[in-house]
Trainee: 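Let me begin by handing over the structure; questions about it come next.
Excluded from the calculations below are hydrogen atoms, water molecules and symmetry mates; all remaining heavy atoms, backbone and side chain alike, are included. Since this is a predicted model, take the numbers as computed values, not measurements.
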Amino acid sequence: MLNKNFIQKIFSIKNNGTHKILTILGIKIKFLQHKELLKAEIERSVERLKLNNKYFSDKLINVIKNETKSAIIVANAHQKVFLKYNGINLNRDVVIVATGPSLKYYKPVEDAVHIGVNRSVQFKNVNLDYLFLLDYKAIKGYIQDIKEYDCIKFCGWHSNPDFTVYDFQMEESCHIPKSVVKEIKAEAFYVNTFDSFICDDISSAPLIDFGSTTFPAIHFSIYTNPKRIFLVGCDCTFQGYFDGKEQPIKYKSFMEKTIEGYKKVKDFVRDNYFDVEIISINPVGLKGVFRDVYTKEFLDNNPKIKDELGNDFELLENLTEFKAV
């Protein structure tokens with residue numbers, strides 16, 4: 001039979017004037033012992049809850065107002081900018097010209113529509129039909145090249161007005177000034193940065209941006225409904241640009257999110273544009289996401305990648321209906 005001293009060690013009740021304190025195996029539980037005090041504490045808790053609810057309610061209302069205003073601005077702008085391009089590339093090939101080191105091995109696909117991003121305007125082996133621009137810090141060093149280039153140009157702004165830069169410690173905004181948009185004779189569009197939602201109709205919604213200008217370019221190209229979309233220079237390796245220049249260190253921090261973004265694009269196309277095929281040319285970090293093809297010159301100059309592939313690769317030159325200029 002358990003003695004009294006042992007029971008007191010594992011179980012005790014004490015009063016401190018306002019509370020009863022129950023202790024079980026060293027764990028203390030406090031109870032108000034007067035109904036009036038209990039009622040007062042409940043009322044105080046209710047008032048605190050009301051104040052918190054009002055704060056979060058006001059915050060939610062402001063968010064809804066800002067998002068509604070943003071949605072209206074985006075829809076009005078994109079109706080003018082993008083609606084005319086819906087389905088314009090039906091049954092054609094489109095090439096997204098990104099700026100990774102593998103771009104220098106690309107031989108232009110004959111009769112394809114070429115959509116460049118940022119620095120690709122300085123790649124001399126391709127004639128771009130369209131150019132997508134994001135991040136003022138990235139492009140401000142070659143504004144004159146962009147201004148003089150003869151193609152259709154789009155400058156991206158962020159649909160969330162509070163968004164400034166990927167790395168919030170940076171001083172300059174990546175938002176391209178309106179004066180620059182006007183100077184280079186471009187049209188402005190809006191993106192949602194790292195938003196997982198991909199809208200089918202870009203004439204009424206923001207374009208996607210998972211940390212690379214290639215994403216709004218791809219989103220636009222899908223909207224034009226081509227037969228095939230080739231991705232060129234989408235290396236996803238943080239090994240610089242085609243011209244040998246290094247990438248800013250800020251891009252390294254979200255490379256994983258960028259690759260996840262490509263996977264979301266793959267799922268979106270599979271579910272909504274199953275007649276559109278996306279093909280990566282000379283992929284490195286993006287290998288295995290889309291259909292992969294390689295050029296002989298790239299493999300000859302990258303023996304390590306060739307050894308990793310073994311005999312399990314497809315040559316771009318052997319693709320059906322493929323012709324190089």
Side-chain angles (χ1 to χ4, degrees), residues 89 91-132 149 151 212-215 217-218 221-222 224 226-247 251-252 255 258-259 261-263 265-266 269-270 273 275-325:
N89 291 321
N91 294 322
R92 296 193 66 183
D93 286 333
V94 167
V95 180
I96 304 297
V97 185
T99 57
S102 66
L103 174 60
K104 59 191 175 188
Y105 298 103
Y106 172 63
K107 301 263 190 320
V109 177
E110 187 179 41
D111 296 328
V113 176
H114 285 82
I115 303 176
V117 301
N118 287 4
R119 192 183 296 268
S120 64
V121 72
Q122 297 180 316
F123 185 65
K124 304 303 181 184
N125 296 344
V126 171
N127 293 321
L128 300 176
D129 300 286
Y130 302 89
L131 179 64
F132 276 77
Y149 202 94
C151 72
S212 171
T213 314
T214 57
F215 286 104
I218 292 171
S221 69
I222 294 169
T224 68
K227 177 175 60 176
R228 298 183 294 193
I229 299 172
F230 293 94
L231 304 181
V232 180
C234 297
D235 290 25
C236 295
T237 58
F238 195 67
Q239 292 182 354
Y241 298 106
F242 67 91
D243 55 6
K245 294 181 180 177
E246 295 183 355
Q247 291 170 292
Y251 295 133
K252 191 172 185 178
M255 188 63 73
T258 297
I259 294 175
Y262 282 110
K263 293 177 181 178
V265 168
K266 178 181 180 179
V269 171
R270 179 198 62 208
Y273 290 86
D275 57 336
V276 176
E277 184 178 21
I278 299 182
I279 301 171
S280 292
I281 298 179
N282 297 327
V284 186
L286 202 57
K287 184 172 62 176
V289 177
F290 303 104
R291 180 182 177 184
D292 298 336
V293 299
Y294 292 87
T295 62
K296 186 177 183 304
E297 184 184 4
F298 173 81
L299 293 178
D300 288 344
N301 284 274
N302 292 272
K304 185 177 179 181
I305 293 176
K306 187 174 182 179
D307 289 343
E308 290 174 356
L309 292 171
N311 295 320
D312 187 20
F313 63 87
E314 188 174 10
L315 282 177
L316 175 64
E317 291 86 348
N318 295 338
L319 277 187
T320 305
E321 300 174 5
F322 169 79
K323 292 180 181 179
V325 175

Trainee: Just wondering, do Phe313 and Lys287 contact through their side chains at under 4.5 Å, heavy atoms?
Mentor: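 They are not in side-chain contact.
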Trainee: OG of Ser221 to CG of Leu231: how many Å apart, nearest 0.5 Å?
Mentor: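 The OG atom of Ser221 sits 8.0 Å away from the CG atom of Leu231.
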Trainee: For the residue pair Leu316 and Phe230, what are the closest heavy atoms and their distance?
Mentor: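 Taking Leu316 first and Phe230 second, the nearest heavy atoms are CD1-CE2, 4.1 Å.
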Trainee: State, yes or no, whether a side-chain contact exists between Leu309 and Asp292 at a heavy-atom distance under 4.5 Å.
Mentor: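 Side-chain contact under 4.5 Å: no.
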Trainee: Do Pro108 and Val95 come close enough that some side-chain heavy atom pair is under 4.5 Å?
Mentor: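 Counting from C-beta outward, Pro108 and Val95 never come under 4.5 Å.
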Trainee: Using 0.5 Å steps for rounding, measure from the CZ atom of Phe298 to the CG atom of Leu315.
Mentor: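 So the gap between those two atoms works out to 12.0 Å.
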Trainee: Between Leu103, Ile115, Leu131, Asp129, which is the residue that forms a side chain to side chain contact (heavy atoms under 4.5 Å, CB included) with Val97?
Mentor: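 With Val97 as partner, side chain to side chain contact (heavy atoms under 4.5 Å, CB included) holds for just one option, Leu103.
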Trainee: Side chains of Val113 and Tyr130: does their closest heavy-atom pair fall under 4.5 Å?
Mentor: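 Val113 vs Tyr130: side chains touch.
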Trainee: Between Ala217 and Ile96, which heavy-atom pair has the shortest distance, and what is it?
Mentor: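 In this case the closest contact between Ala217 and Ile96 is O-CD1, 3.7 Å.
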Trainee: Compare all side-chain heavy atoms of Phe215 with those of Thr258 and state whether any distance is below 4.5 angstrom.
Mentor: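 With C-beta onward as the side chain, the pair touches.
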Trainee: Could you check whether the rings of His114 and Tyr106 sit parallel, tilted or perpendicular, using 30° and 60° as the cut-offs?
Mentor: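 Because their plane-to-plane angle lies in the 30° to 60° range, the rings of His114 and Tyr106 count as tilted.
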Trainee: How about Tyr273 and Asp275: do any of their side-chain heavy atoms sit closer than 4.5 Å?
Mentor: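 The answer is yes; the side chains approach within 4.5 Å.
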Trainee: Report the distance from atom CD1 of Ile278 to atom CD1 of Ile218, rounding to the nearest 0.5 Å.
Mentor: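 The CD1 atom of Ile278 sits 6.5 Å away from the CD1 atom of Ile218.
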Trainee: Heavy atoms only: give me the nearest Pro226-Val94 pair and the separation to one decimal.
Mentor: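 Pro226 and Val94 have their closest heavy atoms at CB-CG2, 3.7 Å.
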Trainee: A quick test of your reading: do over 12 heavy atoms of other residues, nucleotides or ligands sit less than 6.0 Å from CG of Asn127?
Mentor: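 Counting neighbours around CG of Asn127, 12 or fewer heavy atoms of other residues, nucleotides or ligands fall under 6.0 Å, so no.
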Trainee: For Tyr294 and Pro283, which heavy atoms make the closest approach, and how far apart are they?
Mentor: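 Closest heavy-atom pair between Tyr294 and Pro283: OH-O, 3.2 Å.
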Trainee: Does any non-hydrogen side-chain atom of Lys306 lie less than 4.5 Å from one of Asp300?
Mentor: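 Yes, close enough: below the 4.5 Å cut-off.
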Trainee: Determine, step by step, whether Ile222 and Val276 satisfy the side-chain contact (heavy atoms from CB on, under 4.5 Å) criterion, reporting the C-alpha distance in whole Å, the side-chain angles of both residues, the deciding distance to 0.1 Å, and the verdict.
Mentor: CA-CA 8 Å; Ile222 294 169; Val276 176; 5.5 Å; no
Trainee: Kindly give the heavy-atom pair with the smallest separation between Val289 and Lys266, and that separation in Å.
Mentor: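 Scanning both residues, the minimum pair turns out to be O-NZ, 2.8 Å.
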Trainee: Flag the pair Ile281 / Thr295 as yes when at least one side-chain heavy-atom distance between them is below 4.5 Å, and no otherwise.
Mentor: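 Answer yes - side chains close enough.
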Trainee: Please tell me whether Tyr262 and Thr214 have a donor and an acceptor in their side chains that are separated by less than 3.5 angstrom.
Mentor: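 Short answer, yes.
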Trainee: Using 0.5 Å steps for rounding, measure from the CD1 atom of Ile229 to the CG atom of Asn89.
Mentor: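 With rounding to 0.5 Å, CD1 (Ile229) is 9.5 Å from CG (Asn89).
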Trainee: Give me the atom names and distance for the closest heavy-atom approach of Ala98 to Gly233.
Mentor: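 Result for this residue pair: CB-O, 3.4 Å.
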